[in-house]
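As a basis for the values below, the full set of heavy atoms in this structure was taken, side chains included, without hydrogen atoms, waters or symmetry mates.
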Amino acid sequence: QRPHVQFTNLSSETPVTNLTDSDNERALLGCLLTDARILDDIPTLTLDDFGKVEHGRLFDVIRRKHDAGDFVDLSTITSAIRSKADHFGGLGYVLAMPGMAPSSYAAAAYASIVADLSARRRAIGTLERMKLALGDTTTPRIEATADLANLDAAISGTNAEEHMTLGDAADLVLAEADKTYREGRD
């Protein structure tokens with residue numbers, strides 16, 4: 001059975017669903033501030049995978065210091081960001097993060113949630129661009145579907161039971177574009 005995807009809200013100001021979990025992101029960062037060696041055991045993430053910009057920036061600082069072989073803990077990170085703490089939500093915000101991590105054993109689960117939500121945001125962004133391009137009859141169809149490869153990559157990052165094939169996604173996008181085109185002609 002094909003997963004339900006609602007395109008009608010994609011161009012509105014209101015997100016379709018909340019695809020950011022700030023509490024989960026803080027829990028992951030709290031784990032990393034306690035023991036950055038966890039980075040070796042979690043999926044590869046980038047600063048762009050975080051729904052909250054400040055969290056992505058902090059993750060990037062932790063990742064870079066860890067990758068450089070520097071010792072990473074709450075003290076070294078707060079020292080590194082002290083002069084620009086407002087870019088990370090404030091010093092107090094960062095200092096409270098280790099307390100936001102219920103269990104460092106769950107860090108891989110927290111990271112998987114961050115990665116999954118990021119893949120969903122990328123897929124929706126790609127679908128939105130495709131919907132707009134397909135609705136513009138001056139754009140050649142081949143050009144309007146050029147993002148299909150990106151869509152396939154983004155969708156494959158979701159859970160298996162919610163996996164949508166590339167063909168299903170294209171069918172949904174084309175059906176919505178055709179509907180939009182027909183409504184515009186009436």
Side-chain angles (χ1 to χ4, degrees), residues 9-130 146-160 162-164:
N9 290 337
L10 285 179
S11 61
S12 70
E13 301 270 335
T14 307
V16 175
T17 58
N18 182 7
L19 293 175
T20 299
D21 186 342
S22 291
D23 291 340
N24 183 74
E25 291 179 2
R26 282 193 305 265
L28 174 59
L29 292 167
C31 290
L32 297 176
L33 289 167
T34 303
D35 186 358
R37 293 175 297 179
I38 293 169
L39 283 169
D40 299 329
D41 299 324
I42 63 172
T44 302
L45 296 172
T46 68
L47 67 102
D48 295 326
D49 289 321
F50 288 79
K52 191 167 181 182
V53 175
E54 295 86 351
H55 293 167
R57 289 177 185 151
L58 183 60
F59 178 81
D60 193 50
V61 170
I62 294 168
R63 165 74 71 191
R64 287 175 188 266
K65 288 185 88 46
H66 174 74
D67 289 351
D70 296 341
F71 183 74
V72 176
D73 68 1
L74 185 60
S75 180
T76 60
I77 295 299
T78 54
S79 292
I81 67 166
R82 189 173 306 276
S83 65
K84 295 182 181 178
D86 57 322
H87 289 89
F88 304 92
L91 204 52
Y93 184 74
V94 173
L95 288 168
M97 282 186 183
M100 300 298 291
S103 170
S104 61
Y105 293 109
Y110 304 146
S112 292
I113 292 168
V114 170
D116 180 67
L117 292 174
S118 176
R120 291 169 187 272
R121 288 189 304 271
R122 284 192 311 273
I124 287 173
T126 301
L127 286 169
E128 187 172 69
R129 285 190 305 279
M130 288 175 61
D147 271 334
L148 283 174
N150 295 334
L151 178 62
D152 191 37
I155 290 173
S156 65
T158 61
N159 294 329
E162 296 173 353
H163 182 79
M164 181 187 314

Could you walk me through whether Leu28 and Leu45 satisfy the side chain to side chain contact (heavy atoms under 4.5 Å, CB included) test, starting with their C-alpha distance in whole Å, then the side-chain angles of each, then the deciding distance to 0.1 Å, before giving a yes or no?
CA-CA 11 Å; Leu28 174 59; Leu45 296 172; 3.8 Å; yes

Report the C-alpha separation of Asp60 and Arg64 in whole Å, then their side-chain angles, then the decisive distance to 0.1 Å, and conclude whether the side chain to side chain contact (heavy atoms under 4.5 Å, CB included) test is met.
CA-CA 6 Å; Asp60 193 50; Arg64 287 175 188 266; 2.8 Å; yes

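We find the CG-CG distance between Asp67 and Asp40 to be 8.5 Å, quoted to the nearest 0.5 Å. Note: Leu29 CG to Tyr110 OH = 12.0 Å, rounded to the nearest 0.5 Å. Of the inter-residue distances, the one linking Ile81 atom CD1 with Glu54 atom CD reads 11.0 Å to the nearest 0.5 angstrom. Separation of atoms CD1 (Ile77) and CZ (Phe88) is listed at 9.0 Å; rounding is to 0.5 Å. In this structure, the separation between CG on Asp73 and OG1 on Thr78 is 8.0 Å, given to the nearest 0.5 Å.
For Phe50, the ring pair (Phe, Tyr, Trp, His ring centres under 6.0 Å) test picks out Phe59, with sequence neighbours left out. Listed by chain and number, the residues in a salt bridge (charged side-chain N to carboxylate O under 4.0 Å, His left out) with Asp48 amount to none (sequence neighbours excluded). The side chain to side chain donor-acceptor pair (under 3.5 Å) test applied to Arg82 returns no partner, not counting sequence neighbours.
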For a quick test of your reading: what N or O donor-acceptor pairs under 3.5 Å do the side chains of residues 30-37 make, sequence neighbours left out?
| from | atom 1 | to | atom 2 | distance (Å) |
| --- | --- | --- | --- | --- |
| Thr34 | OG1 | Gly30 | O | 2.9 |
| Asp35 | OD1 | Arg37 | N | 3.1 |
| Asp35 | OD1 | Arg37 | NE | 2.8 |
| Asp35 | OD2 | Arg37 | NH2 | 3.1 |

Acceptor/donor pairs from residues 94-102 side chains to any protein atom, 3.5 angstrom cut, sequence neighbours excluded:
none

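Exactly one residue among Arg63, Arg122, Arg120 makes a salt bridge (charged side-chain N to carboxylate O under 4.0 Å, His left out) with Asp49. That residue is Arg122.
Between the side chain of Ser103 and the backbone N or O of Tyr105 there is at least one donor-acceptor pair closer than 3.5 Å.
Between Asn24 and Val114 there is a side-chain heavy-atom pair separated by less than 4.5 Å. Side-chain contact between Ile113 and Asp116 is absent, with no heavy-atom pair separated by less than 4.5 Å.
Applying the side-chain hydrogen bond (donor to acceptor under 3.5 Å, both in side chains) rule to pairs touching residues 84-99 yields Arg26-Tyr93, Lys52-Tyr93, His55-Tyr93, sequence neighbours excluded.
Of all the heavy atoms in Ile38 and Ala107, the pair that sits closest is CG2-CB, 3.3 Å.
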